[in-house]
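Structure first, then comments.
Lettering of chains follows the sequences in order, A, B, ..., and the numbering in each one begins at 1. These numbers were taken from a predicted model, which means no experiment stands behind them.
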Protein chains: 2
Amino acid sequence: MSDPAPSPARPRRSRPVQVADQIKDWVVERDLKQGAKLPNEAEMIALFRVSKGTVREAMRILEAQGLIVTRTGPGGGSFVGEVSLERAKSLLANYFYFQDLSVSDVYQMRKVVEPELAASLAGKLSPAQIKELRLLVQEYPAPAQSPEEERDQHIASLRFHAKLAEYSANPLLTFMVSFMARILTDLTVYRRLYEPHNVELWARGRRHQLDLVDALEAGEAERASAIMRSHMEGAERLMQAQEARVMRRFMAV
Amino acid sequence: MSDPAPSPARPRRSRPVQVADQIKDWVVERDLKQGAKLPNEAEMIALFRVSKGTVREAMRILEAQGLIVTRTGPGGGSFVGEVSLERAKSLLANYFYFQDLSVSDVYQMRKVVEPELAASLAGKLSPAQIKELRLLVQEYPAPAQSPEEERDQHIASLRFHAKLAEYSANPLLTFMVSFMARILTDLTVYRRLYEPHNVELWARGRRHQLDLVDALEAGEAERASAIMRSHMEGAERLMQAQEARVMRRFMAV
DNA sequence: GGCCTGTATTTATCATGAGGAATGTAGCCG
DNA sequence: CGGCTACATTCCTCATGATAAATACAGGCC
């Protein structure tokens with residue numbers, strides 16, 4: 001009973017995957033930064049003693065993860081490419097495709113994270129950033145007249161939150177808030193598209209965002225946080241009134 | 001559907017990427033679930049009118065994202081494969097590789113998310129789950145005697161949090177807490193490995209976890225949340241005393 | 001001289017076919 | 001019946017060549 005059997009725990013790693021891993025190690029060992037050039041196809045073939053097809057599959061793996069980019073032509077080749085925020089969001093969205101997330105799940109998270117973000121930004125924003133935020137709020141100065149308009153306003157409102165996230169110095173906070181905005185923007189469908197009494201909630205939402213910017217400008221962390229919390233509760237009620245659902249679908253990457 | 005115009009905004013999509021996207025659409029249109037079989041290599045070649053190499057590169061792209069798995073042999077082929085929690089965490093970790101996250105960034109998030117998780121689990125856990133948690137706390141019954149032991153205890157403590165995350169019915173909360181536990185487990189190095197006065201902090205941390213389980217069992221949401229908040233503050237101080245740093249490195253996928 | 005344009009060169013991209021490796025199945029043999 | 005073996009199926013890896021894209025550069029035109 002010798003045990004030369006391939007370990008069942010390891011489901012066998014294909015050669016392209018092995019090569020991809022070696023390239024990752026190669027990059028990490030040298031602490032290469034974004035834009036650094038990797039060996040070209042021919043060199044990779046010689047370096048790893050594999051065929052062109054295998055190298056190319058390895059490149060596609062790394063590319064899919066956002067770790068490299070490739071260009072043709074003179075001076076072309078493969079380069080270390082910082083994973084973009086957009087791509088990271090897409091990759092994670094793929095995971096939640098299988099998790100049937102509910103709107104209240106998203107809001108349970110938003111209700112704690114967004115106020116924290118607001119509090120941490122109070123008094124930290126430049127006049128230009130404050131101005132940018134006020135501009136975004138003004139994108140929807142009047143109550144929506146149609147379901148489409150209402151949806152547009154919702155998306156505009158989410159842009160406000162995504163922008164706020166951008167301003168944070170905490171990458172984790174930035175990512176999470178921005179990711180939730182994306183989920184709600186791209187993955188949400190509405191069952192009841194228009195509910196008359198939403199006008200009231202809409203007005204409160206707008207008021208909240210304006211007040212929030214004021215509090216941020218004045219550096220009032222506690223107040224900013226409180227406004228945001230209230231804003232989140234209102235937004236959740238609005239979506240629940242519309243019977244919003246998170247839709248199952250893959251995200252384009 | 002096709003857009004032959006060489007739009008300058010779009011940096012050109014390679015054929016493997018296009019094929020990968022088409023396969024995604026194919027899956028989504030049919031609402032295929034985990035385990036569903038995709039057309040085999042030969043059929044893909046015929047279906048998309050591309051070469052074998054191109055199809056294979058497309059498969060590696062989808063595989064890298066965790067969307068499919070492939071097996072050789074009779075009955076083999078490609079199958080829809082639910083993105084695993086582990087893979088999702090790895091892919092996101094790649095993003096933060098480039099963001100130089102600090103320990104306090106992680107704790108800013110933990111301080112709001114973990115208490116929320118605790119509150120939402122109060123009174124919701126089965127006796128078996130409570131028992132499992134108590135078991136995890138008992139994995140480190142005595143103060144650490146060496147730096148290595150101290151690190152082990154830290155990791156065991158993070159397992160406690162990851163397990164708690166598992167019990168949540170909110171996939172977003174589960175992911176976030178579990179992801180942060182992973183970051184702290186895998187990506188943290190300690191500058192000062194042993195500080196004598198940590199014993200006190202250690203004792204408080206252990207006490208916290210025991211009390212927390214009691215509160216969860218008793219269904220006291222407010223108390224659970226408060227304990228967790230305090231626990232997070234202690235943990236952060238502990239890490240700051242050790243001058244912990246988040247390390248830059250790619251995660252194996 | 002400055003600018004356009006065609007052309008050469010570099011590099012990745014796409015295609016084809018042959019053989020190898022893994023794996024499940026059916027049939028054979030004891 | 002139980003275990004072994006041969007085979008069929010499917011992806012995997014390799015090798016090689018043609019094609020297409022991007023850039024650099026030289027030459028011609030104003």
| query | Side chain of Asp25(B), backbone of Gln22(B): donor and acceptor closer than 3.5 Å? | reply | no
| task | Decide yes or no on side-chain contact (heavy atoms from CB on, under 4.5 Å) for Leu133(B) and Phe160(B), but give the supporting numbers first. | result | CA-CA 7 Å; Leu133(B) 290 173; Phe160(B) 174 89; 4.0 Å; yes
| Taking atom types as modelled and ignoring hydrogens, do the side chains of Ser78(B) and Lys37(B) form a donor-acceptor contact shorter than 3.5 angstrom? | no
| Which letters describe nucleotides 10-17 of chain C, given B = protein heavy atom under 4.0 Å from base, S = only from sugar-phosphate, - = neither? | BBSBBBBB
| field | Phe96(B) vs Val106(B), side-chain contact (heavy atoms from CB on, under 4.5 Å): CA-CA, chis, key distance, verdict | value | CA-CA 11 Å; Phe96(B) 286 105; Val106(B) 178; over 6 Å; no
| query | Salt bridge between Glu41(B) and Lys52(B), side-chain N to carboxylate O under 4.0 Å? | reply | no
